[in-house]
Amino acid sequence: MSDTEPLTSNSRPATDALITIRIIKSFPYRNVKNLIIKDIDLKSTTAEGLFDQVLHEIATTGSLRPYRNVQYDSLKIYTKAHGSKSMNLVINFENDEDWVILKKGLPTKDKSLWDLGIQNETEISIFNWDDYLEYKKNPEEKW
């Protein structure tokens, strides 16, 4: 790769980005399903808007039927494009202060996803915050 080739995360404009949503049903059993969202405008979409869009996809997409019985309430960045991934295959335990973009009981920020540090090819987890805290205390896999 030469120095003149752009990174894939920079090849699409922020108004036409692609992000991956990791829908986490169960932490200990590693039940995770990826949802690809194409053509999202990171500069005008808020975290709450993205959350509502993902909940709508879960409620209306047939292949996501098994993921409907979880009370989702949080969004957290799993990894950014060209960054290192977590050793945990379910969720990133690090950076709770900076990478949680929507959390149960926390007032929502009216910042755009772009202002929250989301770029093209970012992976974001949607999950239940109480389940996350319980799993974080004892990250034991049960399968």
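Note: Thr122 OG1 to Leu113 CG = 9.0 Å, rounded to the nearest 0.5 Å. Rounding to the nearest 0.5 angstrom, the gap separating the CG atom in Leu35 from the CD1 atom in Ile124 is 11.0 Å. If you take CD on Glu121 and CD1 on Ile19, they are separated by 11.5 Å, rounding to the nearest 0.5 Å. Atom CG of Asn120 is separated from atom CG of Leu42 by 7.5 Å, given to the nearest 0.5 angstrom. Going from atom CD1 of Ile21 over to atom CG of Leu64 covers 11.5 Å, rounded to the nearest 0.5 Å. Rounding to the nearest 0.5 Å gives a distance of 13.0 Å between NZ of Lys111 and OG1 of Thr46.
Residues Thr79 and Trp99 come closest through the heavy atom pair CA-CZ3, 4.2 Å. Taking both residues in full, the closest heavy atoms of Trp114 and Ile118 are given as CE3-O, 3.6 Å, listed atom of the first, atom of the second, then distance. Closest of all the heavy-atom pairs between Leu55 and Ile126 is CD2-CD1, 4.3 Å. Nearest approach of Glu94 to Lys76, heavy atoms of both residues: O-NZ, 3.0 Å. Nearest heavy-atom pair across Asn92 and Tyr132 is O-OH, 3.8 Å. Pairing each heavy atom of Leu75 with each of Ala47, the nearest pair is CD1-O, 3.6 Å.
Not counting sequence neighbours, Asp98 has no partner by the side-chain contact (heavy atoms from CB on, under 4.5 Å) test. Every residue two or more places apart in sequence or in another chain that forms a side-chain contact (heavy atoms from CB on, under 4.5 Å) with Asn34 is listed here: Thr20, Arg22, Val32. Partners of Thr61 by side chain to side chain donor-acceptor pair (under 3.5 Å), not counting sequence neighbours, listed by chain and number: Glu57. Annotation: side-chain contact (heavy atoms from CB on, under 4.5 Å) contacts of Leu133 (sequence neighbours excluded): Trp129. Lys33 is linked by a salt bridge (Lys or Arg N to Asp or Glu O under 4.0 Å) to nothing, counting only residues two or more places apart in sequence or in another chain. By the side chain to side chain donor-acceptor pair (under 3.5 Å) test, Asp41 pairs with Ser44, sequence neighbours left out. With sequence neighbours excluded, the residues that form a side chain to side chain donor-acceptor pair (under 3.5 Å) with Ser112 are Asp115. Looking at residues two or more places apart in sequence or on another chain, you find a side chain to side chain donor-acceptor pair (under 3.5 Å) between Asp130 and Lys104. Under the side-chain contact (heavy atoms from CB on, under 4.5 Å) criterion, Val70 pairs with Lys25, Tyr72, Asn128, not counting sequence neighbours.
A heavy-atom distance below 4.5 Å is found between the side chains of Leu50 and Ile40. Between Glu141 and Arg30 the shortest side-chain heavy-atom distance falls below 4.5 Å. Taking the side chain as every heavy atom from C-beta outward, Ser125 and Ile91 approach each other to under 4.5 Å. Between Ile23 and Ile58, the closest side-chain pair of non-hydrogen atoms falls below 4.5 Å.
Using a cut-off of 4.0 Å between Lys/Arg side-chain N and Asp/Glu carboxylate O, Asp16 and Lys38 are scored as not salt-bridged.
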query: Which is it for Asn31 and Ile24 under the side-chain contact (heavy atoms from CB on, under 4.5 Å) test, yes or no, and what are the steps along the way?
result: CA-CA 6 Å; Asn31 295 110; Ile24 301 173; over 6 Å; no
task: Check the pair Ile36 / Leu18 against side-chain contact (heavy atoms from CB on, under 4.5 Å), numbers first and verdict last.
output: CA-CA 7 Å; Ile36 309 297; Leu18 179 139; 4.0 Å; yes
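Dense packing is recorded around NZ of Lys136, with more than 12 heavy atoms of other residues, nucleotides or ligands lying under 6.0 Å away.
In this structure, Tyr135 has its ring center under 6.0 Å from that of Phe93.
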